[in-house]
Amino acid sequence: MKILVTGSAGHLGEALMRYLQTTGHEAVGVDIADSLFTTRTGTVADRAFVREAMQGADAVLHAATLHKPHVATHSRQDFVDTNVSGTLNLLEEAVAANVKAFVFTSTTSAFGQALNPPPDAPAIWIDEDVASAPKNIYGATKTAAEDLCQLFNFKFALPAIVLRTSRFFPEADDDPELRGEYEDANIKANEMLFRRVDVQDIVSAHMAAIERAPAMGFGRYIVSATTPFVRGDAGDLRRDAPWVVRKYAPDFEAVYARRGWKMFPSIGRVYDNARARADLGWRPKYDFQHVIESLKSNRDPRSALAQAIGSKGYHDETFEDGPYPVER
């Protein structure tokens, strides 16, 4: 199978290319940046470039995007050009090339305003039934691109699957207060309970989506680490998250204590990946219990793939007040 991967110089694009190169698939990586995993250099906003890159493709893994870290450094038009027009170019050329599966990498940022519960309210349980409510141009353009995928399935029977991935970036958190209170590895370990996923599991979700897309037609799915929590924990998670975590991972405190780590006192949202596991046959391997078992053995809890890719950053320049400027 010939698979076109967009964004091949980015975190996920490189992960997809690294994986595909170990299989019998032919992978073509496209990106605006040169890299060891970029076959063709150009932008998805260029229709002629997309048409040439699409030739002979059986499937498309569309990971190229402007991200949240670009919101304060790029114009809204830049986001529309890449995230919306670029996706439209790919969809139209995929139909012309008779592509059998189109997988669009979206984001849980699409839920936007729905992710922040009011004060004293229970944690919000986020599944695919929660309505999107973007709060910035990143979320708005990603949801617009999702809708284009759905439209092209309806109008042209293009099998298209949307994967809303949670956090997987290795860079430091953009919240200075959080960075000041917790070690970076501590933050990421905590997030595996409710809003983070290992890039290896994202890759396996994309491969599962390619396989299931022709039979399914269209679907939107949350791709996040499997949470140990259940809906009934929502109130307690907001009031006393460590108490809830103790129920499911009673040994976490001793493991954390040896590193001087601590659990977040409150958790306000939980991503539920159950539908992706059921519909796609996806089997994620990396979760909070894996983190705890790895720490017990003094092993890096990240997958070998995540470790190989490392940190890329999102800008050529550096910033004094954080990993990237944040729109306020």
Do [X] and [Y] land in one hydrophobic cluster if side-chain heavy atoms of ILVMFWY residues count as linked below 4.5 Å?
X: Val50; Y: Leu4; result: yes
X: Phe218; Y: Leu158; result: yes
X: Leu163; Y: Ile3; result: yes
X: Met54; Y: Met1; result: no
X: Val30; Y: Ile32; result: no

Identify the two heavy atoms, one from [X] and one from [Y], that lie closest to each other, and give their separation to 0.1 Å.
X: Pro170; Y: Asp184; answer: O-OD2, 4.1 Å
X: Arg238; Y: Ala123; answer: CB-N, 3.9 Å
X: Leu305; Y: Ala15; answer: CD2-CB, 3.8 Å
X: Phe252; Y: Arg246; answer: CE2-N, 4.0 Å
X: Ala213; Y: Ala101; answer: CB-CB, 3.8 Å
X: Leu280; Y: Ala209; answer: CD2-CA, 4.2 Å

I want to check something: taking the side chain as every heavy atom from C-beta on, are [X] and [Y] in contact at a cut-off of under 4.5 Å?
X: Phe169; Y: Arg196; value: yes
X: Pro228; Y: Leu193; value: yes
X: Val197; Y: Tyr286; value: no
X: Glu14; Y: Leu36; value: no
X: Leu88; Y: Arg47; value: no
X: Tyr256; Y: Ile292; value: yes
X: Arg51; Y: Glu92; value: no
X: Leu178; Y: Phe264; value: yes

I'd like to know if [X] and [Y] make a salt bridge, using a cut-off of under 4.0 Å between side-chain N and carboxylate O.
X: Arg164; Y: Glu128; answer: no
X: Glu183; Y: Arg259; answer: no
X: Lys247; Y: Asp233; answer: yes
X: Arg76; Y: Asp81; answer: no
X: Arg299; Y: Glu293; answer: no
X: Asp201; Y: Arg283; answer: no
X: Asp147; Y: Arg220; answer: yes

Residue pairs involving residues 114-155 (criterion ring-ring contact (aromatic ring centres under 6.0 Å, His included); sequence neighbours excluded): Phe152-Phe156
If a pair satisfies ring-ring contact (aromatic ring centres under 6.0 Å, His included) and one of its residues is in residues 222-248, list it, with sequence neighbours excluded. Phe229-Tyr248
Whether [X] side chain and [Y] backbone form a donor-acceptor pair below 3.5 Å:
X: Asn83; Y: Val80; answer: no
X: His206; Y: Leu16; answer: no
X: Thr22; Y: Tyr19; answer: yes
X: Thr6; Y: Ala63; answer: yes
X: Asp198; Y: Ser303; answer: yes
X: Asn89; Y: Gly86; answer: no
X: Thr39; Y: Gly29; answer: yes
X: Arg195; Y: Arg167; answer: no
X: Thr107; Y: Ala110; answer: no
X: Lys155; Y: Asn153; answer: no

Please lay out, stage by stage, how Leu61 and Leu12 fare under the test side chain to side chain contact (heavy atoms under 4.5 Å, CB included). CA-CA 10 Å; Leu61 298 176; Leu12 178 56; over 6 Å; no
Taking salt bridge (Lys or Arg N to Asp or Glu O under 4.0 Å) as the test, write out the residues that go with Arg258, two or more places apart. none
What residues, two or more places apart in sequence or in another chain, satisfy salt bridge (Lys or Arg N to Asp or Glu O under 4.0 Å) together with Asp300? Arg302
Geometric cation-pi criterion Lys262 and Tyr182, 6.0 Å radius, 45° cone: yes
Drop me the distance from [X]'s [atom1] to [Y]'s [atom2], to the nearest 0.5 angstrom.
X: Leu148; Y: Leu90; atom1: CG; atom2: CG; answer: 11.0 Å
X: Phe102; Y: Leu91; atom1: CZ; atom2: CG; answer: 4.0 Å
X: Leu237; Y: Ser266; atom1: CG; atom2: OG; answer: 8.0 Å

[Y] versus [X], side-chain donor and acceptor atoms under 3.5 Å:
X: Asn273; Y: Thr226; result: yes
X: Thr38; Y: Ser8; result: yes
X: Thr43; Y: Asp46; result: no
X: Lys142; Y: Ser109; result: no
X: His62; Y: Thr105; result: no

side-chain contact (heavy atoms from CB on, under 4.5 Å) against Ala308, all qualifying residues, sequence neighbours excluded: Arg18
Count the heavy atoms of every other residue, nucleotide or ligand shown that sit under 6.0 Å from CG of Asp120, and state whether that count exceeds 12. no
Is the number of heavy atoms from other residues, nucleotides or ligands under 6.0 Å of Glu177 CD greater than 12? no
What is the ring orientation for His11 with Phe168, classed by angle as parallel under 30°, tilted 30 to 60°, or perpendicular over 60°? perpendicular
Test question: given the 4.5 Å side-chain rule for I, L, V, M, F, W and Y, name all other residues clustered with Phe111, or answer none. Leu115, Ile124, Ile126, Val130, Ile222, Tyr271
CA sep, side-chain torsions, deciding dist, call: Val44, Thr87, side chain to side chain contact (heavy atoms under 4.5 Å, CB included): CA-CA 7 Å; Val44 293; Thr87 302; over 6 Å; no
Under the criterion side chain to side chain contact (heavy atoms under 4.5 Å, CB included), I'd like the reasoning laid out for Thr165 against Thr108: C-alpha separation, chi angles, the key distance, then a yes or no. CA-CA 6 Å; Thr165 64; Thr108 50; over 6 Å; no
Take Val291 and Lys188 through the test side chain to side chain contact (heavy atoms under 4.5 Å, CB included) and record every step on the way to the result. CA-CA 10 Å; Val291 170; Lys188 290 176 169 56; over 6 Å; no
